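Reviewing the structure listed below.
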Number of protein chains: 2
Amino acid sequence: MNSDFLEAQRKLVPEMMDLMQQRYSALKIIDMNGPIGRRQLGQVARLSEREARNVLEALRDAGLIRIEKEGASVTEEGRQMLSSLRTSMDDWSGRNTLARYLEQTIGIRKVIVVPGDSDVTSSVKAVIGKEAAEQFVTLIGDGQIVAVTGGSSVAAIPPFIGKFPEAERLRFIAARGGVGEDIGLQANVISALFAQACGATYSTFYYPETLSEEAHEVFRKEPAALEMMAQYEKTDCVLHGIGDAKKMAAMRNSSDEELELLEQGKALGEAFGYYFDENGNVVYRLRTVGIQTEQLEQVPLLIAVAGGASKAAAILAYMASAPRQTILVTDEGAAAEMQRILRKNT
Amino acid sequence: MNSDFLEAQRKLVPEMMDLMQQRYSALKIIDMNGPIGRRQLGQVARLSEREARNVLEALRDAGLIRIEKEGASVTEEGRQMLSSLRTSMDDWSGRNTLARYLEQTIGIRKVIVVPGDSDVTSSVKAVIGKEAAEQFVTLIGDGQIVAVTGGSSVAAIPPFIGKFPEAERLRFIAARGGVGEDIGLQANVISALFAQACGATYSTFYYPETLSEEAHEVFRKEPAALEMMAQYEKTDCVLHGIGDAKKMAAMRNSSDEELELLEQGKALGEAFGYYFDENGNVVYRLRTVGIQTEQLEQVPLLIAVAGGASKAAAILAYMASAPRQTILVTDEGAAAEMQRILRKNT
DNA sequence: TTTCTATGGACAAAAAATGTCCCGCATATT
DNA sequence: AATATGCGGGACATTTTTTGTCCATAGAAA
């Protein structure tokens with residue numbers, strides 16, 4: 001309940017959250033470090049002298065701290081406030097610091113961490129979808145080409161995309177040819193869902209995967225295939241999921257030699273039909289028409305969507321070589337696990 | 001729960017609360033008035049064109065409104081936010097607007113409305129006390145004389161006054177001589193409670209009420225009485241309750257002629273031993289040494305404390321002639337009833 | 001006593017918010 | 001069809017606020 005309220009507030013008055021967190025953490029620091037002075041607080045909380053002073057004065061006016069010659073200390077009321085806000089604030093601000101930690105460590109544009117773990121609570125996927133939808137709508141420009149991949153994570157986005165002004169001039173395409181059986185999660189279908197959700201156009205493209213090498217050669221030169229490959233060159237935005245290498249291979253009924261390759265290459269993550277090892281190296285790729293990793297570098301808006309602790313390793317594998325402009329929307333379960341892995345490896 | 005959180009927030013980031021309310025009410029207005037423009041919204045919400053513009057842009061960035069050629073309208077997400085915040089915000093902001101309405105209508109410095117009704121929930125008295133204590137501590141200066149009256153409302157304040165720097169140099173006195181039987185609520189005792197709570201000094205003074213007219217004359221010239229009256233001249237702050245005229249008269253075992261006078265004069269409220277009618281006229285006053293209404297005008301800090309719907313009429317009676325610098329701390333029950341009475345009389 | 005660190009005052013410089021225009025455009029009205 | 005109204009958005013000079021920074025001074029500790 002409280003958490004909902006915080007989320008709602010973050011929407012309504014985003015400026016407030018910074019201030020609130022600043023003051024709350026200052027209060028915490030004052031509580032722990034006994035009487036503390038303005039400059040000292042500034043150092044600990046990474047605030048300039050003036051900022052520290054402002055915070056201090058605000059807290060004093062609120063009656064939360066007492067401010068005397070030997071420094072500032074928390075009043076009884078301040079202590080009550082601290083304990084009454086502890087759970088919800090720490091929860092919220094914990095996810096925030098987690099997100100910033102990942103942004104810096106992975107080295108990508110932005111990480112958004114929603115509460116929960118989609119492995120445990122399935123509804124968390126919808127929250128990820130919602131957040132991703134918001135990023136997409138906010139950042140997408142006019143008249144652009146958007147490539148989407150398959151997977152349930154990406155499929156969770158369209159329900160949260162309403163009609164917006166620029167939408168009509170967008171074109172959604174599948175980032176690759178068809179996957180396996182589960183038709184609900186195919187990239188083709190999902191691009192249609194997107195287009196339908198916001199009133200945009202879309203191109204379908206079906207690429208039979210289980211073909212012989214010769215058939216592939218022929219197919220690649222088909223007008224439809226060439227057209228698709230031209231679109232990939234002009235792609236402005238990619239919305240994609242990240243899969244666990246083993247699960248993906250299993251879902252795709254991969255051949256024994258494929259499995260062998262993945263096993264030997266220690267593949268962990270999968271995205272766009274590429275399999276990545278721990279260090280982001282491509283160890284295998286599906287033979288299909290689709291967007292290429294080199295092309296990704298040129299795409300200005302890249303949104304990766306994946307959640308659940310079980311996907312942490314896969315996400316990290318892909319992120320090791322992901323373009324800097326990537327935005328990752330994930331959940332607390334995956335984010336926490338990613339942090340644990342990263343800390344272990346250092 | 002949510003309401004608690006808002007209260008906590010009001011303490012932690014008070015600057016933002018009006019911003020939040022501004023945006024929330026703007027969102028409500030946009031929701032109701034269909035597509036509405038910047039200037040029009042400004043008129044309805046009493047915002048300048050620029051302010052309206054800022055609010056509009058903030059709401060747009062939050063994805064809560066859609067802003068098109070024909071004006072701004074609420075998105076689905078905005079509608080959800082609206083309904084999810086409705087109860088808590090309306091509750092909170094309702095009390096706020098109630099407070100401002102009373103400030104303007106009564107014409108006093110400040111009105112604070114706490115949630116609840118002390119007639120119904122007795123713990124609300126403590127909240128009033130807490131809020132009054134905060135006002136007092138914030139606004140009281142150094143080395144001042146504070147006069148307090150009796151009554152359970154004022155008695156609810158001391159528990160929330162901690163020791164603060166200026167406290168040692170304060171002096172608490174009773175605003176009048178003794179009241180009736182209930183010793184727990186006598187002004188003398190309460191001044192002692194205040195002094196004890198914050199480590200200040202206090203003067204006791206006992207004035208026997210049930211004396212003949214001649215005895216009064218003599219008593220008034222006693223050194224102790226004269227000393228007390230001199231203190232009243234120098235009083236810097238008054239903390240007082242407001243009583244219902246009839247109940248007070250009954251509690252005081254008033255004589256038949258007194259009751260007759262109160263009845264004829266249509267006394268509604270009581271404060272400092274003065275009885276007031278609907279228009280704030282003094283219809284009767286107790287024969288006792290105490291602070292005078294004329295002196296009140298000179299007192300810079302006046303805090304009136306009273307709650308419960310049943311006291312609404314009494315509060316209004318006193319407030320009709322209360323000095324402008326008065327701060328009233330009351331509860332929702334009383335405030336709502338006061339508003340009803342005021343609206344009926346216009 | 002000396003030294004250290006604290007607060008609070010002060011103030012110029014920088015940054016942000018505000019009021020107030022105008023423009024082009026769509027829609028409603030005459 | 002012509003006109004008027006109300007819309008968003010750009011622009012800009014002018015406040016108003018915030019920020020960085022210095023200094024004076026007062027307790028606490030050494």
Side-chain angles (χ1 to χ4, degrees), chain A residues 13-16 18-20 22-23 26-27 29-75 78 138 141-142 163-169, chain B residues 13-23 26-27 29-75 78 138 141-142 163-169:
Chain A
V13 217
E15 313 88 291
M16 156 137 47
D18 293 340
L19 249 187
M20 200 162 133
Q22 197 183 54
R23 291 190 185 165
L27 193 59
I29 290 171
I30 297 169
D31 185 33
M32 291 187 301
N33 301 42
I36 185 177
R38 182 205 303 163
R39 297 164 236 266
Q40 213 180 129
L41 173 68
Q43 282 192 326
V44 180
R46 285 183 190 169
L47 301 170
S48 74
E49 179 185 329
R50 206 52 163 82
E51 286 174 315
R53 196 168 174 169
N54 290 342
V55 174
L56 242 23
E57 280 170 0
L59 291 177
R60 166 168 54 78
D61 291 347
L64 302 174
I65 62 175
R66 204 177 305 107
I67 188 164
E68 286 153 343
K69 278 294 169 193
E70 74 261 25
S73 50
V74 188
T75 63
T138 307
D142 204 353
K163 295 191 201 292
F164 55 102
E166 300 91 340
E168 291 177 14
R169 311 190 51 198
Chain B
V13 260
E15 316 89 284
M16 291 292 167
M17 293 315 275
D18 45 349
L19 193 58
M20 190 162 138
Q21 197 184 356
Q22 196 182 57
R23 289 192 187 163
L27 190 60
I29 290 172
I30 296 168
D31 185 33
M32 291 187 303
N33 302 42
I36 184 176
R38 181 209 303 164
R39 299 163 235 265
Q40 212 181 128
L41 174 69
Q43 284 193 323
V44 180
R46 286 184 190 169
L47 301 170
S48 76
E49 180 184 329
R50 206 53 162 85
E51 287 174 316
R53 197 167 174 169
N54 290 342
V55 174
L56 242 23
E57 279 171 1
L59 291 176
R60 164 168 56 77
D61 291 346
L64 302 175
I65 61 173
R66 203 177 307 105
I67 188 163
E68 285 153 342
K69 281 291 173 197
E70 74 260 27
S73 49
V74 188
T75 63
T138 308
D142 206 353
K163 293 189 201 292
F164 55 101
E166 300 92 339
E168 292 176 13
R169 309 191 53 197

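Protein chains get the first letters and strands the later ones, always in sequence-line order, with residue 1 at the start of each. Nothing here was measured: the structure is a model prediction, and the numbers come from that model.
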Original post:
Within the distance-only criterion (no hydrogens, no angle test), does the side chain of Gln43(A) pair as donor or acceptor with the backbone N or O of Gln40(A) below 3.5 angstrom?
Top reply: no
Original post:
Considering residues at least two apart in sequence or located in another chain, which fulfil the side-chain hydrogen bond (donor to acceptor under 3.5 Å, both in side chains) criterion with Arg50(A)?
Top reply: Asn54(A)
Original post:
What closest approach, in Å, do Pro35(A) and Ser73(A) show between heavy atoms, and which atom pair accounts for it?
Top reply: CA-CB, 4.4 Å
Original post:
Between Arg23(A) and Glu57(A), is there a side-chain N and carboxylate O pair less than 4.0 Å apart?
Top reply: no
Original post:
Counting distance only, does the side-chain N/O of Thr75(A) pair as donor-acceptor with the main-chain N or O of Gly63(A) below 3.5 Å?
Top reply: yes
Original post:
Using the C1' atoms of the five pairs at each end, what is the angle between the end axes of the helix from dT1(C)-dA30(D) to dT30(C)-dA1(D), to 10°?
Top reply: 30°
Subject >> Minimal non-hydrogen separation, Ala72(A) against Ile65(A), with atom names >> reply: CB-CD1, 4.1 Å
Subject >> Side chain to side chain, Leu64(B) and Val74(B), heavy atoms closer than 4.5 Å >> reply: no
**OP:** Summarise how protein sits on nucleotides 7-26 of chain C as a single string, 5' to 3': B when a protein heavy atom is under 4.0 Å from the base, S for sugar-phosphate-only contact, - for no contact.
**Re:** BBBB-------BBBB-----
Original post:
OP1, OP2 of dG6(D) versus side-chain N and O of Gln40(B): anything below 4.0 Å?
Top reply: no
Original post:
Should Asn33(B) and Leu41(B) count as side-chain neighbours, where that means a heavy-atom distance under 4.5 Å?
Top reply: no
Original post:
Atom CD of Glu15(B) and atom C1' of dT17(D): how far apart are they, to the nearest Å?
Top reply: 13 Å
